[in-house]
Each structure stands twice: as structure tokens, then as C-alpha cells.
Amino acid sequence: MPEKFLKPYDSAAAEPLIYQKWAESGYFAPENLPNLPDGSPRTEPYTIIMPPPNANGSLHAGHAVFVTIEDLLIRYNRMKGKKTLWLPGADHAGFETQVVYEKKLEKEGRTRFGMDPGVLRNEILQFTMANKSFMEGQMRQLGASCDWNREKFTLEPDVIRTVYDTFKKLYADGLVYRGKRIVNWCSKHQTSLSNLETERVSRTDPFYYFKYGPFTIGTVRPETKFADKYVVMHPDDVRYAQYKEGDKIEIEWINGPITATVIKDEASDPEMGSGVMTITPWHSGVDFDIAKRHNLGLEQIIDERGKLLPVAGEFAGMSIKEARPLIVEKLKSKGLLEKIDEKYVHEVPVCYKCGREIEPQVKEQWFVKIKSLAEPVIKAIEAGEVTFYPEHYKKILLNWLTNIEDWNISRQIIWGIPIPVWYKGSDIFVGENPPAGGAGEGWGRDPDTFDTWFSSGQWPFATLGFPDSQDYKTFYPTQVMETGGDLIFFWVSRMLMLGLYRTGKLPFNTVYLHGMVVAKDGTKMSKSKGNVISPLEMSEKYGTDALRMGLIIGNTPGTPTALYDDKIKAYKHFANKIWNITRFVLENTQGVTPNPVYNFNAADTDLLAEFILVAKDVTADIENYRFYLAGEKLYQYVWHRLADTILEESKTLFKGADEAAIQSRKQFLLYVLRTSLVLLHPFMPFITEEIWSSIQSGSMLIVEPWPNL
RNA sequence: GCGCGGUUAGCUCAGUUGGUAGAGCAUCCCCUUGACGUGGGGAGGGUCAGAGGUUCGAGUCCUCUAUCGCGCACCA
């Protein structure tokens with residue numbers, strides 16, 4: 001028996017060496033995998049495109065979950081004899097990374113505003129690349145058996161080329177347009193945001209009722225009302241039947257007399273307040289739509305920094321917070337304040353990064369006519385072409401796709417893929433370079449970058465070298481997209497839409513969405529709460545195998561998973577158990593040569609049948625994405641059946657004199673140990689490979705065939 | 001407003017096509033000197049949120065109620 005089994009398993013020492021062995025074997029790459037047991041080459045592809053982690057920090061528990069689940073699937077399918085590719089990547093993560101970098105700048109007493117864009121871009125690139133290589137090391141530590149030679153970064157030239165081709169095609173097909181529309185504007189980050197990048201928070205604010213000529217209007221935002229010269233009511237509201245569309249009314253307002261125009265529109269809710277409202281089309285989506293329907297003028301009241309413009313008269317230059325009480329005071333002194341409802345509860349949109357209120361602004365930006373892309377995906381999903389784990393995400397996604405709004409893809413940040421568009425007066429040219437003649441002839445480039453999800457949405461085919469490469473032909477469409485449930489709209493939906501649009505095929509037919517990893521008390525892990533569990537620390541402390549089991553067992557798709565020290569510790573104990581089972585078996589089978597076709601006696605035949613049932617069950621569970629059950633069943637069998645019962649019985653048996661029974665049992669123990677290691681490998685790759693190297697010289701467990709049951 | 005979930009043992013959660021309620025942790029008792037104390041054996045503990053229905057049979061399917069939560073959405 002090898003000496004090492006006399007000491008406890010030392011995961012920290014063993015793991016890096018095992019990973020190195022795997023890497024050197026070349027088995028991470030599909031073309032290097034050995035032939036099938038019958039000698040034929042592998043043909044059936046199995047592909048997972050890794051969700052590229054944002055290269056702006058270190059790996060967190062969520063990353064560890066996806067690495068564990070995807071690595072499990074990959075190892076399983078590799079052992080099943082598939083031509084297996086797990087393609088890793090790293091994401092520049094546009095706005096996300098820029099926000100992280102801005103915080104770093106802030107700490108250094110600097111700011112991005114006023115910085116030379118080229119210099120800033122370069123700084124962030126260096127920051128990103130440093131994080132990228134750091135995180136790659138961490139993924140190796142977690143045992144990721146991905147093909148590093150095929151790794152992709154989202155800003156590589158061929159990825160950008162694919163993204164530009166898609167944009168050109170969308171433009172040619174009339175599915176992307178430049179429009180002057182209301183966008184979600186964050187006055188801190190100085191960029192527009194998609195609807196998904198805003199959140200809604202409940203606020204209690206005073207709701208003011210003001211006299212507006214003969215009417216009473218209500219508002220929580222008096223600071224937007226300076227230029228309000230349209231008064232809107234529902235066409236069927238009998239209270240205001242005497243007023244006709246287009247009537248002009250002279251009224252006294254904040255900064256003096258104005259002429260108001262009556263507008264009749266169904267957007268006005270007679271139940272709300274007095275049933276009359278004034279509109280501020282530049283700073284409200286509803287108002288903007290009304291203005292558009294009635295062809296009304298637009299005037300900006302609040303600037304991009306959230307300060308009042310000269311139209312506010314004496315309040316110009318003030319922030320909203322400063323100005324609001326002063327404006328109310330002034331209206332009150334003019335006798336125009338009717339009443340205040342102090343307890344008005346409403347929801348306001350805020351920037352998902354800084355929590356500042358979104359200030360809607362009218363901007364000229366690029367929008368995707370997303371309904372046209374959504375429709376074929378809706379049909380495909382309804383036809384059952386995509387399987388979701390958990391199943392109910394199908395309904396959630398369909399609901400979202402059905403109610404989808406045009407997608408704003410321009411961002412006013414530098415960290416991203418520049419939009420390939422040139423302007424000259426009212427002429428638009430779509431291309432990476434200006435039309436012949438060059439920028440010298442008055443063509444100016446669009447200063448914006450793409451929403452990072454616009455490019456990420458093309459990831460499955462962009463990474464594989466669409467449209468001509470051999471990899472694309474071999475590995476697309478991929479088998480499964482495994483990612484966090486929070487990315488269902490941001491990413492999964494866009495991959496489905498853009499993938500189908502560009503390649504004519506859905507990029508994957510199975511979507512597995514894991515739940516968020518939370519602290520033991522069920523709350524979100526956050527640095528400020530100090531309850532963050534670092535997967536890398538856990539891996540160092542208890543071993544990666546223990547961490548992986550802790551992340552798999554009890555983790556049903558779509559449900560938050562609690563991760564805590566004790567849980568991982570329990571699986572370190574399990575690793576120790578496996579180690580000691582091996583020790584017991586090796587001690588008691590010295591001199592016995594495993595015979596793969598041994599005829600067990602009746603008792604051991606029963607044990608074999610029982611084990612085969614477990615193995616079949618585990619296999620079916622993995623095939624059906626029930627990893628949490630598969631892991632638990634293996635744990636139960638190996639510990640509480642094999643170790644607690646079978647090994648204990650064997651002790652008595654071995655002390656007896658029934659040589660035939662002893663021989664049979666020894667053969668059985670060797671068989672069950674070896675096969676258990678195979679079954680456990682996708683879950684606990686390190687310790688199983690380490691043991692395998694001692695009992696089966698010259699072969700590696702990573703490519704050992706999965707038992708054919 | 002629209003949509004989606006949860007409610008099972010003290011705690012955290014499983015429960016796959018309907019077939020006598022499970023695990024881990026916690027609690028209590030006992031055992032064990034060599035595979036492993038990172039151990040072993042055992043015990044207590046649940047009218048599966050409530051009501052009704054379908055069924056030979058319901059934690060599982062249907063309806064309603066209660067309650068907690070989540071997502072999406074341009075409500076002045």
C-alpha cells in the first residue's frame with residue numbers, strides 16, 4: 001500500500017499537482033481526448049460556453065457555483081465518451097468594470113471626467129487584464145477542466161468584428177435605429193441605462209396640489225414644472241367637458257404668467273388626484289408619449305448633472321434637492337399651494353449601481369427593435385425547443401419577451417466596444433471606418449459604446465468563430481447554458497434572440513439556472529455586512545472537493561443556496577472517509593489482482609446489484625440535472641452503506657476461515673472502490689484522481705469511461 | 001397593474017412520472033483503542049399552511065383562502 005495512505009489526505013498539497021497533471025495531459029481539449037473503449041474516435045460533441053466572469057475583482061461564491069456545476073457536466077460527459085469542450089472566457093464587463101474603476105479612481109482622489117479617453121481606456125484595460133489572469137488562476141484552483149487554449153476575452157478583435165457584423169446586419173434589416181427618445185439617465189454615472197439596469201424603490205414623498213389656473217394639479221416633482229404649458233385631462237372626464245383640445249388659458253405660474261394649452265389624452269387618469277395634470281415631456285416617459293401623440297414641443301428643465309437650467313429663473317443652477325422646498329415655498333407665497341399629502345407612497349426608478357434616482361432625459365441614441373427578435377424566440381420556446389431548469393423560468397422568460405420594449409444599446413462610457421457609426425450632418429454611415437475620404441471630410445464618430453450585453457448576447461457563436469471556423473461547425477449549437485437565474489433577461493434572453501437572428505439556430509437547447517449563493521441566515525452576502533464567504537479561502541481550508549460538494553448538495557436550480565463553513569467542513573470529513581475507505585481496502589486486498597469478470601458469491605452479487613442500482617440512479621440524476629440528488633446519493637452510499645455496513649461486515653468476514661467468501665469480498669471491495677471513484681470524479685475530481693493514481697498506474701481518471709449500466 | 005414562486009422535523013432544506021413522510025445540523029442515550037474521533041450504533045421529534053375537489057390512493061394533480069417572498073412595468 002502506498003505510504004501516503006498512512007497519513008491524512010492533504011488537499012492543499014495535492015490539488016495543484018493534480019491540476020498540473022490534467023493540464024499537461026491535454027485532455028481539456030476535445031481533439032486530444034482518447035478514443036472510445038471500442039477504439040473508435042469520439043464524434044458526439046458536448047459543448048458548454050462558460051459565462052465569462054467580469055474581470056474586475058476576484059471570484060466569488062457565485063462563480064464557484066458555476067465552475068462546479070459546469071465542470072461536473074463537462075467531466076461527466078467527457079467520461080461518457082463525448083467530444084467535450086468547455087470554452088472559458090473573461091468579460092470586460094463595460095459599465096460594471098467602469099464603475100469599479102471609478103471607485104478606485106475616487107479613492108486616489110481622481111475622476112474619469114476630464115480624463116483623456118485614451119488614457120482612461122488604457123488604464124482600465126491594464127486593470128482588467130491583471131484581474132483576468134488572477135481569476136484564471138482561481139478557476140484552476142477550483143478544478144475547472146476547461147480548454148484554456150480556446151479562451152476568449154470579450155474585447156478581442158474577432159469578437160468585436162462579429163459584434164460589428166451583427167450591428168450592420170441589424171441596421172440593414174431595419175432592426176436598429178437611432179432615435180431621440182426618453183432614456184434612463186444616471187446623473188452620477190453620466191450615461192443612459194437599459195430598463196434592466198434600473199431598480200425600483202418605494203419612497204414616501206410629499207405630494208403637492210397646486211392651483212394651475214382653473215385647475216388643480218398634483219405632483220411630487222414641482223421642480224420639473226417650470227415649462228409646463230400643457231394641461232392634460234381625459235377626453236371622457238365630464239368635469240372638464242367645457243374645455244376643448246387646444247383651448248388657451250392664461251394662468252399665473254411659478255415665475256410669472258404663462259399661456260397653457262388644453263390637451264385631451266387617455267393617458268390622464270380621472271381617478272388620480274384631480275384628474276388633471278401638466279406634463280414635462282423631457283423628463284417623463286408618459287409625458288413624452290403624450291407630447292408625441294399631440295405633436296407638442298419639448299423643453300429640457302434639468303441638465304445631465306441634475307441641476308436646473310435657466311428656464312427655472314431664480315432657481316437655475318440649483319440641485320433638485322435644494323430647489324424643491326424653495327419652489328414650494330414660492331408657490332405657497334403666491335397663494336398657489338392648495339394642500340400637501342405628506343404620506344404619498346410611490347416607486348421611483350434608481351440606478352442599480354449607485355441607487356441615485358434616474359432622471360429621464362431625451363437623448364439621441366441607438367435602439368434595437370427587439371420585438372422582431374423576440375418573436376421567433378417566443379415561438380421556439382413555446383414549441384418546446386428550449387428546456388429550462390427550473391421549469392418555471394420558461395413562463396417568466398415568455399412573459400418578459402412578450403412585453404418587451406425597444407432596447408437602448410448606447411452607453412456614454414468609454415469602457416466598451418465603440419459603436420461603429422459615423423455622422424456627417426444628418427448622414428449616417430455604419431462601419432468601423434468612415435466612408436472613403438476619411439474623417440477629414442467631416443465625418444465624426446459616434447462617441448458611445450455598446451451596452452455590454454449587446455456583445456455578450458452574441459457570446460456563444462462569437463467565441464466559436466462564427467461563421468466559417470471548424471469549431472463553429474463542430475460545437476455550435478452548444479448543449480447547455482448554465483448561469484445564474486438573475487441573468488435570465490440580461491443575458492440568456494439576448495443570447496437566444498441574437499443567436500437565432502445571426503445563426504438561424506438557438507445557441508443552446510437547455511438552460512440551467514442556479515440560484516444565488518447566500519449566507520447561512522438566507523441574506524445576501526455583502527462586503528458591508530461582513531458575511532462574505534470566499535470560495536478560494538474555503539478551498540484552501542477544506543479542500544476544493546469539499547467546497548464543490550458543499551456547493552452541489554442542497555443546491556436546487558433557481559433556489560438560493562446557503563453556504564457556510566460547517567457545511568463545507570462536513571464534506572471535508574467525507575473526503576477523509578473516502579481516503580480511509582481506500583486505505584482499508586488496500587490494506588485488506590494486498591496481493592489480490594482485480595478481476596473485471598470475477599464471479600461473486602451470492603452475498604456479493606446482492607451487494608453488486610445494490611450498488612449498480614445506486615450507480616444507475618446517480619447517472620439518471622446527472623442526466624436530468626439533479627446534481628443535488630446525485631451527490632447526496634453517492635454520499636449516502638459511500639459513507640453509510642459501503643463504509644458503515646459493508647466494510648464493518650468485511651472485518652468479521654476476513655477474520656473467518658471461509659476462503660471463497662473472503663476472495664469474493666476482496667474482489668467486490670476493489671470493484672466498488674474503483675467504480676465509486678469514477679462516479680465521484682465529477683463531484684470531487686481531485687481526491688478521486690489522487691487515489692486513482694495510486695491504484696491504477698498509467699491511466700487518468702479524468703478520461704476513465706463512465707460505467708455502462 | 002402584469003407575471004412567478006415559497007409555506008414539509010427545533011433550524012436549513014430534499015422529496016424525480018401520485019404508491020406506507022427523508023437528509024444534514026441540533027438534542028438525548030449508548031458504543032468504540034487501529035480504515036477513519038474528521039468515528040460507530042440508537043432515540044425523540046412532522047395532522048406536509050388551511051379548506052374543498054379528482055383518485056383505490058394526494059406532500060405530489062385541480063380550485064379557493066391565508067401568509068411570506070421575488071421579478072417585470074413610462075403612473076402624474
Side-chain angles (χ1 to χ4, degrees), chain A residues 1 5-6 8-9 181-184 195-196 198-200 207-208 217-221 224-225 228 232 267-269 271-281 283-290 344 346-349 358 360 390-405 485-486 488-489 515-516 518 520-522 542 546 550 553-556 558-562 564 566-567 569-588 617 620-621 623-626 628-633 635-636 639-640 643-645 647-648 650-651 669:
Chain A
M1 184 180 63
F5 290 107
L6 299 175
Y9 173 60
R181 292 189 22 179
I182 284 269
V183 294
N184 299 304
N195 286 349
L196 288 177
T198 66
E199 283 172 3
R200 266 157 194 79
F207 189 85
Y208 305 97
I217 59 159
T219 184
V220 274
R221 303 203 57 193
T224 63
K225 298 289 166 199
D228 284 16
V232 185
S268 184
D269 180 359
E271 304 293 315
M272 185 80 194
S274 62
V276 175
M277 64 178 178
T278 63
I279 56 168
T280 314
H283 299 291
S284 154
V286 179
D287 296 3
F288 182 83
D289 289 344
I290 295 172
Y344 180 69
H346 63 149
E347 295 210 321
V348 297
I358 292 294
E391 214 175 337
H392 72 263
Y393 269 84
K394 175 177 170 173
K395 291 192 228 168
I396 293 175
L397 183 57
L398 278 175
N399 181 255
W400 187 80
L401 285 170
T402 308
N403 300 305
I404 202 163
E405 303 261 334
D486 53 337
I488 179 83
F489 306 137
M516 192 169 58
V518 295
K520 194 178 183 181
D521 60 4
Y542 300 115
I553 295 180
N555 185 348
T556 48
T559 307
T561 314
Y564 44 92
D566 281 356
K567 188 172 175 184
K569 197 167 147 189
Y571 295 112
K572 179 186 166 69
H573 295 177
F574 181 53
N576 177 66
K577 198 75 184 177
I578 296 169
W579 193 252
N580 281 295
I581 289 168
T582 306
R583 178 174 165 185
F584 177 87
V585 173
L586 294 185
E587 265 179 0
N588 287 284
D617 215 9
D621 282 337
E623 292 282 352
N624 293 296
Y625 298 90
R626 298 187 294 248
Y628 52 103
L629 285 182
E632 193 159 341
K633 282 171 186 167
Y635 176 92
Q636 285 301 317
W639 195 319
H640 299 301
D644 289 352
T645 312
L647 256 49
E648 289 303 324
S650 302
K651 288 179 190 171
L669 290 181

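Please read all numbers here as calculations on a predicted model, not as lab measurements. Naming: A, B, ... by sequence-line order, numbering from 1 per chain.
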Answer with base, sugar-phosphate or nothing: what part of the nucleic acid does [X] contact at a heavy-atom distance below 4.0 Å?
X        : value
A/Lys572 : base
A/Arg221 : nothing
A/Glu347 : base

Using the [atom1] atom on both, measure [N] against [M] and round to a whole Å.
N     : M     : atom1 : value
B/U12 : B/U20 : C1'   : 26 Å
B/C62 : B/G46 : C1'   : 25 Å
B/G22 : B/A14 : C1'   : 7 Å
B/G6  : B/U60 : P     : 12 Å
B/C75 : B/C2  : C1'   : 14 Å
B/A21 : B/G57 : P     : 16 Å

To the side chain of [X], which of [options] is closest?
X        : options             : answer
A/Phe489 : B/G71, B/C4, B/A76  : B/G71
A/Gln636 : B/A14, B/G39, B/G24 : B/G24
A/Trp639 : B/G40, B/A76, B/U38 : B/G40

Exercise for the section: Among residues two or more places apart or on two chains, list those pairs meeting salt bridge (charged side-chain N to carboxylate O under 4.0 Å, His left out) that have a residue in residues 573-588 of chain A. Expected result: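 Passing the test, one end in residues 573-588 of chain A: A/Arg583-A/Glu587.
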
Handout entry: Toward the 5' end of RNA chain B, by each residue's nearest nucleotide, A/Thr198 or A/Asn580
Key = A/Asn580

Handout entry: Residue closer to the 5' end of RNA chain B, A/Val348 versus A/His392 (nearest nucleotide)
Key =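 It is A/His392 whose nearest nucleotide is closer to the 5' end.
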
Fill in the blank from the handout: Counting primed atoms, P, OP1 and OP2 as sugar-phosphate and everything else as base, the B/S/- map of nucleotides 17-22 of chain B against protein heavy atoms under 4.0 Å is ------

Completion exercise
Intra- and inter-strand pairing of RNA chain B, written as dot-bracket with Watson-Crick and G-U pairs under 3.5 Å and | for the latter, reads (((((((..((((.....[..)))).(((((.......))))).....(((((..]....))))))))))))....

Practice task
Report the distance from atom CG of A/Asp486 to atom C1' of B/C72, rounded to the nearest whole Å.
Solution key: 15 Å

Fill in the blank from the handout: When rounded to whole Å, the CG to P distance for the pair A/Asp644 and B/U38 reads 16 Å

Problem - Enclosure of A/Lys569 NZ (heavy-atom neighbours >12, cutoff 6.0 Å) - result: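 Not buried by this count: 12 neighbours or fewer within 6.0 Å.
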
